Amino acid sequence: MTRKKVKLAYISNDSARKATFKKRKKGLLKKVSELKTLCGIDACAIIFSPYDDQPEIWPSPLGVQRVLSRFKKMPDMEKSKKMVSQDSFLRQRIAKAYEQLKKQRKDNREKEMERVMFQSLTGSNVFLNMNMIGLNDLGLQIEHNIREICRRMETLNNIATMARPSNEEPSQQVEKSFGFDGQINMEAMQKQQWLVDLMSTPPQQHFGFGGEEVMQPFADTINNNLWPNPFYP
């Protein structure tokens, strides 16, 4: 079961506000204790509340005085470097949320322009209902896609150039990629010559009619690797 998101607003109900304070105060002191133990840092907490006559101090009055004295000895610039108030904290949250909204709007606009481009490929007259702003955004999206395609093509060309040694010709690269070693296979040449003789012989002699030569069974030609070309195993 997922936890319900808490609305950050003042709790008007007295009993609910008191119960929330006790629960959150216990959790806050536990987190400070874990932070001090796990990271080995000096930390303290002072909590004033209308429900207690004395403030809540953690870990002890002596420990709080030690941390506060160390803080007071710091230069003023270092003190206020990472210090935030509630107002500044909310301003930071609002600015971050605005940047996220701006980015999301941009992504949605790009997806919308891509959808328009795909619809135009099907012959739909989607441009008739677009204003100048939409047409301008569509042109920018098309230019962006073209630049991205050119960049990928350039990357692939660079990879192919780096993979090919400079002292070898492209034809040698093709031969090596298909397993050619540059040596003539005599057996393959003989089989090719046999095929040429077979094609030039009259049809009746292929089956032994009127002559002594008989065509070899087709299964034997396959087993003897009639085709030396590696494309036909």
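Any value given below was found using the heavy atoms of this structure, including those in side chains, with hydrogens, waters and symmetry copies removed. In this text, all values refer to a predicted model and were calculated from it rather than measured experimentally.
Val116 pairs with exactly one of Leu138, Leu135, Asp137 by the side chain to side chain contact (heavy atoms under 4.5 Å, CB included) rule, that one being Leu138. Of the residues Lys25, Lys22, Lys26, the one that meets the salt bridge (Lys or Arg N to Asp or Glu O under 4.0 Å) test with Glu56 is Lys25.
At least one donor-acceptor pair closer than 3.5 Å links the side chain of Asn131 to the backbone N or O of Gly134. Using a distance-only test at 3.5 Å, with no hydrogens or angles considered, a donor-acceptor pair links the side chain of Thr37 to the main chain of Ser33. Side-chain atoms of Asp52 never come within 3.5 Å of backbone atoms of Gln54 as a donor-acceptor pair (strictly under, hydrogens ignored). A donor-acceptor pair is defined here as one N or O able to donate and one able to accept, closer than 3.5 Å; such a pair exists between the side chain of Asn108 and the backbone of Gln104.
Electrostatic pairing of Glu112 and Arg109 counts as a salt bridge here, judged by a charged N lying under 4.0 Å from a carboxylate O. Between Arg151 and Glu148 there is a salt bridge, with a side-chain nitrogen of the basic residue lying less than 4.0 Å from a carboxylate oxygen of the acidic one. A salt bridge is absent between Asp107 and Lys103: the closest approach of a Lys/Arg side-chain nitrogen to an acidic carboxylate oxygen does not fall below 4.0 angstrom.
Connection of Met117 to Ile146 is established within a shared hydrophobic cluster, with ILVMFWY side chains joined at heavy-atom distances below 4.5 Å, either directly or through further cluster members.
Enclosure of atom CZ in Arg91 is not indicated, since only 12 or fewer non-hydrogen atoms of other residues, nucleotides or ligands lie within 6.0 angstrom. Remark: Lys18 NZ is loosely packed, at most 12 non-hydrogen atoms of other residues, nucleotides or ligands lying under 6.0 Å away.
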